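Naming: A, B, ... by sequence-line order, numbering from 1 per chain. This structure is a prediction, so every number in the text was calculated from the model and none was measured.
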Amino acid sequence: MINITLPDGSVRQYESGVTSLDIAKSISEGLARKVLAASVDGQVWDATRPISKDASLKLLTWTDTDGKNTFWHSSAHLMAEAVESMFPGVKFWVGPPVENGFYYDMDLGDRKMSEEDLAALEKKMNELAKQNNAYLRKEMPKAEAVQYFTDKGDEYKLDLLQNLNDGEITFYTQGAFTDLCRGPHIPNTGFIKAIKLMSIAGAYWKGDEKNKMLTRVYGVTFPSQKELDEYLALLEEAKKRDHRKLGKELGIYTMDDDVGPGLPLWLPNGTVIIEELEKLAKETELAAGYKRVVTPHIAKESMYLTSGHLPYYADSMFPAMEMDGEKYYLKAMNCPHHHKIFDAEPKSYKDLPFRLAEYGTCYRYEQSGELFGLMRVRCLHMNDAHIYCTKEQFYEEFRAVNEMYLKYFKIFGIEKYVMRLSLHSPDKLGKKYVDEPELWKETEALVRDVLVRTNTPFIEVQDEAAFYGPKIDVQIWSIIGREFTLATNQVDFAQGRSFKLHFTNQENKPEIPLIIHRAPLGTHERFIGFLLEHYAGKFPVWLAPVQVKVLPISDKFLDYAKSVSDKLKKADIRSEVDDRNEKIGKKIRDTELMKVPYMLVVGEKEMNEGKVAVRMQGKGDAGVQVVEDFIATISQEISERKS
RNA sequence: GCCACUUUAGCUCAGCUGGUAGAGCAACUGAUUUGUAAUCAGUAGGUCGUUGGUUCGAUUCCGACAAGUGGCUCCA
């Protein structure tokens, strides 16, 4: 007999060789029907795998992440079985679970899979699932496994085997499909009740663009049709919040083929938001001791050779244009220009920290396949600044920048974010990174120190630093789950030297300043794209392109409506009158759809009493108010930047 | 840049197997003067992304290019 400890601490005795599924059955049949896998002494196992010694056990179901991942992993195998039946001879690479479902990478040889095939594959998968085929585990010695795949001519699985040793090689078979796989798997295919194959994509083998491109099929499965339907409905909802859709509907920005890919045109409504953000940034930066500057959009080749941009990042810059025998480049970053401003006049330690801020326009030649709405563009407006400071001042300056992030996050109600300490990769020194191993170590320690001392939670990621130094990237998620880097706070030990920047220290000696590059609000493009999704287009009043729409009941009250609107405008409130010859219901509907935060309905009563009937977007009628009172309330809301 | 798919009126989308296109909304005109999410009627609007080819004939079939979408790679 062996002792099995359950999560509640209770211990039960079973015969050695008992499976998790048996144990589940001994607890309740209902539970047994839901068990997908089990955590045995912390390791995820097949529910059907015999347990032969004392162990702690947690039964995993759909509601456990590991249970769900097992379910999707098994679904990937089911899909592979269907693919193999339709594309005999197909070779598989790996098929893991992902955040919302699973994929499998495969080499179809000369054949191509089209989206029409997906429907047929789904049908086949449903048939196979109904066969309730068990996922059977089999251990195999390495030599035998190598022989098996050599005979099959499967170079992909042979590649996987290279990193495996005897004792860790297992195969799983369900129905007609056998795969090298460490498992675990759900008990049988019958658990998979609802199947949707989402898309076909290309994916480089091992994620390396020099390798062959495999075919990747993404899918998602559920234990019931209802859950699949809910998931698909959720995706539909998410589409409505897509910044590209909202950006068009709300008149925020547009793209035009003649202007070029990745070059957004900001429409009047979007420009209002830009100006409000810049106002916020200017206020914040002024209070934090920054000085504002303005610099040209281009510079000569020589500056980018100095800065290191050309050797390290030429691929991301637009090609040079020639003028008067000189090469000029569009700037991809503002830093070199700022360095020149630092250098324009001699600096002493008394001038430091020296902080230069600019909402700089940059141009980056992003790969065509990378462009994505406002999130990845070729012309961007960066909330940029550079802080030149001494090593002694570094901690305080870097800390203050991080604090500024948090202040902004509060204003915008950004609660979910991760600070990523992005480090260099030593084997790429001189290629991707400036070749100064000691300085890398030193500055990475400086940045880590700030995070540790300020108790800021962070994760460390290798090989994501800037070419000139380590950085902290702030990863955020829009409400629809899209993840990206918003803010960045970087140390730069390299450009100070390459630009021969210096200040005179207290000993009257020249010293090279450390440089902090920071962009808490990222770029207008990415940030407004994020805000559109974050707020679902319902901007807080201070950011709303139109803050108040005055809606006269009929033409008779148009003059009064205009007088109300004029009063609002005098109080710096963005107000418009709906002067169309439409019924009030129509005016309200259209204004609601444009997500204008306040509507003021005015008719006979309001006109006679000098009042307005307030209606709040999404909330409906909010009662009648004297115009001046309304102005006072909304002005307060705007000045506080309430969200 | 790579793989797959998409591109029809300002917007959202129909258009079966080739015979030069249609709806709703928006726009314009008129009627209506309206009380909290769509008043009615009429008018106008498209070389069917661009460009080659096949064909008596191409929005429809094939190719190239461009832009977009989903991924991969990349992302200072």
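For the residue pair A/Tyr253 and A/Glu525, no side-chain donor N or O sits within less than 3.5 Å of a side-chain acceptor on the partner. Between the side chains of A/Asn383 and A/Glu285, at least one donor-acceptor pair of N or O atoms lies under 3.5 Å. Judged purely by distance below 3.5 Å, without hydrogens or angles, the side chains of A/Tyr156 and A/Asp105 never pair a donor atom with an acceptor atom. Side-chain contact of A/Tyr388 with A/His339: a donor-acceptor pair under 3.5 Å is present, judged by distance alone.
Looking at heavy-atom distances under 4.0 Å, A/Gly585 makes contact with sugar-phosphate atoms alone, never a base. No engagement by A/Tyr312 is indicated, since no non-hydrogen atom pair under 4.0 Å with the nucleic acid exists. Nucleic acid contact for A/Glu606: base, since at least one base atom lies under 4.0 Å from a heavy atom of the residue. Using a 4.0 Å heavy-atom distance criterion, A/Glu464 is classed as making no nucleic acid contact. At the heavy-atom level, A/Gln490 lies under 4.0 Å from the strands shown only through sugar-phosphate atoms. Note on A/Lys206: nothing from the nucleic acid sits closer than 4.0 angstrom, heavy atoms only. At a threshold of 4.0 angstrom between heavy atoms, the contacts of A/Gly207 are confined to the sugar-phosphate backbone, with no base atom among them.
Put simply, the side chain of A/Glu366 and the base of B/rG1 share no donor and acceptor less than 3.5 Å apart. The base of B/rC75 is paired with the side chain of A/Arg376 by a donor and an acceptor separated by under 3.5 Å. The base of B/rG71 lies outside donor-acceptor range of the side chain of A/Tyr204, with no N or O pair under 3.5 Å. The base of B/rA37 is paired with the side chain of A/Arg615 by a donor and an acceptor separated by under 3.5 Å.
The partner of B/rC40 is B/rG30, by the rule that a Watson-Crick or G-U pair needs both atom distances under 3.5 Å. Base pairing of B/rA66: its partner is B/rU7, meeting the Watson-Crick or G-U wobble criterion (both donor-acceptor distances under 3.5 Å). A 3.5 Å limit on both hydrogen-bonding distances identifies no Watson-Crick or G-U partner for B/rG45. In this entry B/rC56 has B/rG19 as its Watson-Crick or G-U wobble partner, both defining distances falling under 3.5 Å. Look at B/rC74: it lacks any Watson-Crick or wobble partner with both distances under 3.5 angstrom.
B/rU69 sits 45 Å from B/rA31 when the P atoms are compared, rounded to a whole Å. When the P atom is compared between B/rU7 and B/rG63, the two are found 15 Å apart, to the nearest whole Å. Here, B/rG18 and B/rC3 have their P atoms 29 Å apart, quoted to the whole Å. Taking atom P on both nucleotides, B/rA23 is separated from B/rC65 by 37 Å, rounded to a whole Å. Distance check on atom P: B/rC48 versus B/rG19 gives 15 Å, rounded to whole Å. B/rU29 and B/rG68 have their C1' atoms separated by 37 Å, given to the nearest Å. Atom C1' of B/rU8 sits at a distance of 16 Å from the matching atom of B/rA67, rounded to the whole Å. Atom C1' of B/rA26 sits at a distance of 14 Å from the matching atom of B/rU43, rounded to the whole Å.
With B/rU39, B/rA37, B/rG70 as the candidates, the nucleotide lying closest to the side chain of A/Lys586 is B/rU39. When each of B/rG1, B/rC74, B/rA37 is scored by its nearest atom to the side-chain atoms of A/Ile588, the top-ranked nucleotide is B/rA37. Side-chain atoms of A/Ala203 lie closest to B/rC72 of the nucleotides B/rC72, B/rA37, B/rA67. Counting only heavy atoms from C-beta on, A/Ser199 has its side chain closest to B/rG70 among B/rU36, B/rC72, B/rG70. Side chain of A/Arg244, nearest nucleotide from B/rG70, B/rC74, B/rU34: B/rG70. For A/Met213, counting side-chain heavy atoms from C-beta on, the closest listed nucleotide (B/rG70, B/rG35, B/rG71) is B/rG71. Relative to the side chain of A/Lys248, the nucleotides B/rG35, B/rC11, B/rU33 differ in distance, and B/rC11 lies closest. Side-chain proximity of A/Lys583 to B/rU39, B/rA67, B/rG71: nearest is B/rU39. For A/Arg216, the side-chain atoms get nearest to B/rC72 when compared with the rest of B/rG35, B/rG70, B/rC72.
Looking at A/Lys556 and A/Glu604, no side-chain N of the basic residue comes within less than 4.0 Å of a carboxylate O on the acidic one, giving no salt bridge. A salt bridge is defined here as a Lys NZ or Arg NE, NH1 or NH2 lying under 4.0 Å from an Asp or Glu carboxylate O, and A/Glu576 with A/Lys549 meets this definition.
Nearest-nucleotide mapping onto RNA chain B: of A/Leu593 and A/Lys112, the residue sitting toward the 5' end is A/Lys112.
A close approach under 4.0 Å does occur between a side-chain nitrogen or oxygen of A/Lys556 and OP1 or OP2 of B/rU34. Under 4.0 angstrom from either OP1 or OP2 of B/rA4 there lies no side-chain N or O belonging to A/Tyr218. Phosphate proximity of B/rG1 to A/Ser368: present, with a side-chain N or O under 4.0 Å from OP1 or OP2.
Counting non-hydrogen atoms of other residues, nucleotides and ligands closer than 6.0 Å to NZ of A/Lys432 gives a total above 12.
Aromatic pair A/Phe484/A/Trp477: centroids not less than 6.0 angstrom apart.
Taking atom CE of residue A/Met255 and atom P of nucleotide B/rU7, one finds them 20 Å apart after rounding to whole Å. Between the CD atom of A/Gln367 and the P atom of B/rC3 there is a distance of 13 Å, rounded to whole Å.
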